[in-house]
Amino acid sequence: MAGNTQVVYQNRINERDRNAQSPSVVKEQKKHFYDYTLLFAVIFMFAAGLLLIFSSSQYTAMIEKGSATYYFKRQAMIGGGGLVAAILISKFNYRIFKKGIWPLLIFFGTIGLLGATLILGLAAKGKTRWLSFFGASFQPTEVAKIGVIMTVAFLIELMGKGVNRTRNFWLVFAAGILPGFMVFSQNISSGFIIIFIAAVMLFVASEKHGLFGACLGIGAAGLIAAKPLIRLVIEKTGYTERPSQYWLRRILAWALPDVYTADAYQTQQGLYAIGSGGITGRGLGESIQKFGKIPEVQNDMIFTVICEEFGFIGALTLIILYGLIIYRIYIIAKNAIDMYGSMICIGVMAHLSIQVILNIAVVTGVIPNTGVTLPFISYGGSAAAFTMIEVGLVLSVSNRIPVSD
């Protein structure tokens, strides 16, 4: 696959060089594509997210912050700023980031931010995930996702077919594994997402598909076997104590919600919300579970409110819209003028896909509860702003695709 992709890009380069001798062709190629479908789909999703955040958070915001619109206003301000940044970035040439010292700045800047978080970060709920500059705090893990996408994209283009050599393959993968491992100690889900992004990009670029297939098979088998195996161990040992490790409590609550009811409370209440929504839902603003029954309902659990208020039809519509966004990114990746741009799109596509899948899997009880936001929908300033910036990079790639009349 990598070999065919390289041939396609080389043919495009040769054609561009030949066309450079023809003034008429040069004039024709001054026009470039811009994916307005992707832009408008993202804007629509963000607007829908603001509506859903207001609907799901007004009770909690009034109780905790004294204003029913607190979360809505913050998301509108930060996410809106991210959208403006995305539009501005889309007008810049993304290829500047693969020239000079930019690749080194991006990689070591990412490592530096994560290291600073471990040493100087702000603690919240027992985890050090935030950095603060001049009174503004953000999560460097969101920056790290962009850093890994751009670093791995650069290395894949730099190595070309050489990425299939074992040493080069693992060198590129290390660029994703290192930031991922740095995140793991404080945020398991984000660490996994970062590694997954690098893995998907390498899967597309390399020919080592058997390795990825084996890893995927082992992971799926482990997930299927985990719940009955944990139940069997608990039954045989009689162990029902509540462990001190947060991650272990979540796994036990997932496998044995009837035993570890306190830790399974959020997921159980979310399932009640999903079930009560039925096919068409209760209607906008009519959710019952959002009134203090689902913790952090405007964050990771907002999909449950979508299901309760808009039912199966609303949830399916949301998934279709995500499919449209991911499809548009795929089209841009397929038509990008260079490998670097194509890989940036693949990385963003992998990021959005895995976060949507993980979020829905968590709220439906398929996997243990873990803090993963629903892109463009969940409350979270850092996630909203930097996801918008990723979209801006994809639009920048689209804006360099030449089109003819």
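Owing to the predicted nature of the structure, the values given are computational and were not obtained by experimental measurement.
Closest approach of Val152 to Ala198, counting heavy atoms only: CG2-CB, 4.3 Å. Nearest approach of Val362 to Thr267, heavy atoms of both residues: O-CG2, 4.2 Å. Across all their heavy atoms, Gly341 and Ala336 have their closest contact at C-CB, 4.0 Å. When all heavy atoms of Ala68 and Ala61 are compared, the pair lying nearest together is O-CB, 3.8 Å. The two atoms that bring Gly381 and Ile78 nearest to each other are O-CG2, 3.4 Å, heavy atoms only. When all heavy atoms are compared, the tightest approach of Pro375 to Leu352 is CB-CD2, 3.9 Å.
Within 6.0 Å of NZ on Lys73 lie no more than 12 heavy atoms contributed by other residues, nucleotides or ligands. In the displayed structure, Phe312 atom CZ is contacted under 6.0 Å by at most 12 heavy atoms of other residues, nucleotides or ligands. Counting non-hydrogen atoms of other residues, nucleotides and ligands closer than 6.0 Å to CZ of Arg231 gives a total above 12.
Using a 4.5 Å cut-off on side-chain heavy atoms (C-beta onward), Thr280 and Phe310 make no contact. When side chains are defined from C-beta on, Tyr322 counts as touching Ile377, because their heavy atoms get closer than 4.5 Å. At least one side-chain heavy atom of Tyr94 sits under 4.5 Å from a side-chain heavy atom of Ile344. Inter-residue side-chain proximity for Val42 and Thr387 is flagged as unmet; no heavy-atom pair is nearer than 4.5 Å. When side chains are defined from C-beta on, Ile294 does not count as touching Tyr272, because their heavy atoms never get closer than 4.5 Å. Side-chain contact between Val183 and Ile188 is absent, with no heavy-atom pair separated by less than 4.5 Å. Contact annotation: the side chain of Asn399 never approaches that of Leu395 to less than 4.5 Å [non-hydrogen atoms, C-beta and beyond]. Residues Val204 and Met343 form a side-chain contact, since some pair of their non-hydrogen atoms from C-beta on lies under 4.5 Å apart.
A distance-only check finds a donor-acceptor pair linking the side chain of Ser90 to the backbone of Ile87 [under 3.5 Å]. Under the 3.5 Å distance criterion, the side-chain polar atoms of Asp263 are left unmatched by any main-chain donor or acceptor of Ala253. Remark: side-chain polar atoms of Thr373 are not paired, donor with acceptor, to backbone N or O of Ser378 under 3.5 angstrom. The backbone N or O of Ala273 sits less than 3.5 Å from a side-chain atom of Ser276, completing a donor-acceptor pair. Side-chain atoms of Trp254 do not come within 3.5 Å of backbone N or O of Asn369 as any donor-acceptor pair. The backbone N or O of Gly380 lies less than 3.5 Å from a partner atom in the side chain of Gln75, making a donor-acceptor pair.
Below 30°, between 30° and 60°, or above 60°: for Phe72 and Phe54 the angle between ring planes is above 60°, a perpendicular geometry. Between Tyr379 and Tyr71, the ring-plane angle classifies as perpendicular under the 30° and 60° cut-offs.
Atom OG of Ser56 sits about 11.0 Å away from atom CD of Glu296, to the nearest 0.5 Å. The distance from the OH atom of Tyr330 to the OG atom of Ser353 is 13.0 Å, given to the nearest 0.5 Å. Note: Met349 CE to Ile326 CD1 = 8.0 Å, rounded to the nearest 0.5 Å. One distance of note links CE of Met339 with CE of Met159; it measures 13.0 Å at 0.5 Å rounding. Atoms CD1 and CG, from Ile156 and Leu202 in turn, are 5.0 Å apart once rounded to the nearest 0.5 Å. Separation of atoms CG (Asp35) and CD1 (Ile332) is listed at 4.0 Å; rounding is to 0.5 Å.
The one candidate from Val348, Ile146, Ile149 that meets the side-chain contact (heavy atoms from CB on, under 4.5 Å) condition with Leu393 is Ile146.
Residues passing the salt bridge (charged side-chain N to carboxylate O under 4.0 Å, His left out) test with Glu309, sequence neighbours excluded: Lys290.
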Evaluate the criterion salt bridge (Lys or Arg N to Asp or Glu O under 4.0 Å) for residue pair Asp338 and Arg400; output intermediate values, then yes/no. CA-CA 10 Å; Asp338 61 0; Arg400 296 301 174 279; over 6 Å; no
Tell me, with the steps shown, if Phe212 and Phe203 meet ring-ring contact (aromatic ring centres under 6.0 Å, His included). CA-CA 7 Å; Phe212 292 101; Phe203 173 80; 5.6 Å; yes
Any chance you could lay out the side chain to side chain contact (heavy atoms under 4.5 Å, CB included) test for Leu114 and Val143, step after step, and finish with the verdict? CA-CA 9 Å; Leu114 295 177; Val143 183; over 6 Å; no
Take Tyr70 and Glu64 through the side chain to side chain contact (heavy atoms under 4.5 Å, CB included) test and state the conclusion after the steps. CA-CA 10 Å; Tyr70 175 83; Glu64 296 179 354; over 6 Å; no
Pair Leu358, Thr370 - check side chain to side chain contact (heavy atoms under 4.5 Å, CB included), show working. CA-CA 9 Å; Leu358 288 180; Thr370 182; 5.6 Å; no
For Asn187 and Ser189, what are the C-alpha separation, side-chain angles and deciding distance, and is it a side chain to side chain donor-acceptor pair (under 3.5 Å)? CA-CA 6 Å; Asn187 194 335; Ser189 58; 2.9 Å; yes
Go through the steps for Tyr265 and Thr261 under the test side chain to side chain contact (heavy atoms under 4.5 Å, CB included), then give the verdict. CA-CA 6 Å; Tyr265 176 80; Thr261 54; over 6 Å; no
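Tyr36 and Tyr34 have their aromatic ring centers within a separation under 6.0 angstrom.
Lys99 forms no cation-pi arrangement with Phe154, by the criterion of a distance under 6.0 Å to the ring centre and an angle within 45° of the ring axis.
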